[in-house]
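Comments concern the structure below.
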Amino acid sequence: PDLKDSSGAASSPPDQSDPFAKYALDFDAEKPRYYYDTSLPMHRRMELLVLDLQKQIVCALEEQDEGGAGFKFDRWTRDDGQGYGISSIVQDSPVYEKGGVNISVIHGRLSPGQLKSMRARKAAGVLDEDGEYDFNVAGISLVIHPRNPMAPTAHANYRYFELFRHDDPERKPILSWFGGGADLTPSYLFDEDA
């Protein structure tokens, strides 16, 4: 995608031959442009961040997996055209029993059930009773199961979610938040590690 695009328009899925080819970012730069370019909407910056993180994480994991076949990529687009994702999977390698590092970038209209739930929680008072709302979300998730039983399984997911009025031509977020977390799950527990 064009890094100068600030329209907030949905991105198309990456090129089928190289999952990172379409995102002409300088991954070796000290800080990628999306870190400091505030002309880009936050959801667009988060999209670029999760794409960058996926590449960095997959490259680092493959570097540790000498002799492994590497990650396999599956690029998908939602049937309704409202988003895309890249799943990257490794299985039966010398270092990893199996693992995945996946991203998704989704947008659409909030369903009545989602609106009801949000109104019942923190969004009460912000959402009009009869208003229609759209959302953008971008996230990354990973689960890595090492072959070594002394190494813990790693799990993480991070996402950015924003909500805006459907009839707002500027698509200005009225609610937004980051969420997620990470954990390590040992196969064998040692008290000094806990």
Side-chain angles (χ1 to χ4, degrees), residues 1-62 71-90 99-111 114 118 123 132-144 154-182:
D2 181 1
L3 291 179
K4 295 180 182 175
D5 178 18
S6 61
S7 69
S11 300
S12 58
D15 175 31
Q16 294 297 315
S17 62
D18 177 359
F20 305 108
K22 188 170 183 179
Y23 303 96
L25 298 172
D26 181 4
F27 290 105
D28 296 323
E30 188 172 322
K31 287 187 180 177
R33 183 173 173 185
Y34 58 81
Y35 274 89
Y36 58 83
D37 187 352
T38 57
S39 71
L40 297 172
M42 181 56 81
H43 74 272
R44 183 75 174 98
R45 293 170 71 187
M46 185 65 179
E47 176 183 3
L48 295 170
L49 173 66
V50 299
L51 287 162
D52 185 5
L53 281 175
Q54 184 185 42
K55 180 177 182 172
Q56 289 183 41
I57 292 167
V58 166
C59 289
L61 291 169
E62 285 183 339
F71 278 72
K72 307 284 187 250
F73 291 87
D74 177 30
R75 298 145 203 93
W76 53 267
T77 303
R78 284 179 45 136
D79 291 339
D80 61 8
Q82 294 185 325
Y84 72 93
I86 304 172
S87 301
S88 58
I89 307 297
V90 64
V101 181
N102 308 311
I103 64 107
S104 58
V105 179
I106 309 293
H107 64 277
R109 176 90 36 92
L110 281 183
S111 71
Q114 291 168 317
M118 291 181 81
E132 292 185 333
Y133 297 90
D134 293 344
F135 68 91
N136 291 315
V137 63
I140 184 167
S141 64
L142 68 86
V143 178
I144 305 297
H155 168 262
N157 74 73
Y158 297 99
R159 64 198 163 279
Y160 171 72
F161 187 96
E162 68 182 17
L163 190 65
F164 52 94
R165 287 182 171 76
H166 175 69
D167 59 0
D168 180 4
E170 294 182 28
R171 300 167 55 97
K172 182 179 176 185
I174 59 169
L175 284 174
S176 62
W177 62 90
F178 291 93

**OP:** Rounded to the nearest 0.5 Å, what's the gap from CD1 on Ile106 to CZ on Arg159? Could you check?
**Re:** 13.5 Å

**OP:** Please list, chain by chain and in numerical order, all residues satisfying salt bridge (charged side-chain N to carboxylate O under 4.0 Å, His left out) with Arg78, sequence neighbours excluded.
**Re:** Asp80

Original post:
Checking side chain to side chain contact (heavy atoms under 4.5 Å, CB included) for the pair Val101/Leu53: CA distance, chi angles, key distance, verdict?
Top reply: CA-CA 9 Å; Val101 181; Leu53 281 175; over 6 Å; no

Subject >> Nearest heavy atoms of Glu170 and Asp168, plus distance in Å >> reply: N-OD1, 2.9 Å

Subject >> Heavy-atom pair with the smallest gap, counting every atom of Ile103 and Val50 >> reply: CG2-O, 3.5 Å

Original post:
Quick one: CG on Leu175 to OH on Tyr133, what's the gap to the nearest 0.5 Å?
Top reply: 9.0 Å

Original post:
Within the distance-only criterion (no hydrogens, no angle test), does the side chain of Ser104 pair as donor or acceptor with the backbone N or O of Gly85 below 3.5 angstrom?
Top reply: no

**OP:** Give the minimum heavy-atom separation between Tyr158 and Ala182, together with the two atoms involved.
**Re:** OH-CB, 3.4 Å

Original post:
If you measure from CG on Leu61 to CD1 on Ile144, what distance do you get to the nearest 0.5 Å?
Top reply: 5.0 Å

**OP:** Kindly compute the distance separating CD (Gln54) from CD1 (Ile140), expressed to the nearest 0.5 Å.
**Re:** 6.0 Å

Original post:
To the nearest 0.5 Å, what is the distance between CZ (Phe178) and CE (Met42)?
Top reply: 4.5 Å

Subject >> Which atom of Ser87 lies closest to which atom of Trp76, heavy atoms considered >> reply: OG-NE1, 3.6 Å

Original post:
With no hydrogens and no angle check, is any side-chain donor or acceptor of Glu62 less than 3.5 Å from a backbone partner on Phe71?
Top reply: yes

**OP:** Over all heavy atoms of both residues, which pair between Gln82 and Gly108 is shortest? Give the atoms and the distance, please.
**Re:** OE1-CA, 3.7 Å

**OP:** Answer yes if the ring centres of Phe135 and Phe161 are under 6.0 angstrom apart, and no otherwise.
**Re:** yes

Original post:
Checking side chain to side chain contact (heavy atoms under 4.5 Å, CB included) for the pair His43/Tyr160: CA distance, chi angles, key distance, verdict?
Top reply: CA-CA 7 Å; His43 74 272; Tyr160 171 72; 4.0 Å; yes

**OP:** Decide whether His107 and Asn136 meet the rule of one side-chain donor and one side-chain acceptor closer than 3.5 Å.
**Re:** no

Subject >> Donor-acceptor contact below 3.5 Å, side chain Asn102 vs main chain Ser88 >> reply: yes

**OP:** Enter the distance from Ile86:CD1 to Lys55:NZ here, rounded to the nearest 0.5 Å.
**Re:** 11.0 Å

Subject >> Atom of Glu132, atom of Arg109 and distance for their closest heavy-atom approach >> reply: OE1-NH1, 3.5 Å

**OP:** Let me see the working for Leu110 and Leu163 under side chain to side chain contact (heavy atoms under 4.5 Å, CB included), right down to the final yes or no.
**Re:** CA-CA 9 Å; Leu110 281 183; Leu163 190 65; 2.9 Å; yes

**OP:** For side chain to side chain contact (heavy atoms under 4.5 Å, CB included), just list the numbers for Met46 and Val137, CA-CA rounded to whole Å, side-chain angles, deciding distance to a tenth of an Å, and then say yes or no.
**Re:** CA-CA 9 Å; Met46 185 65 179; Val137 63; over 6 Å; no

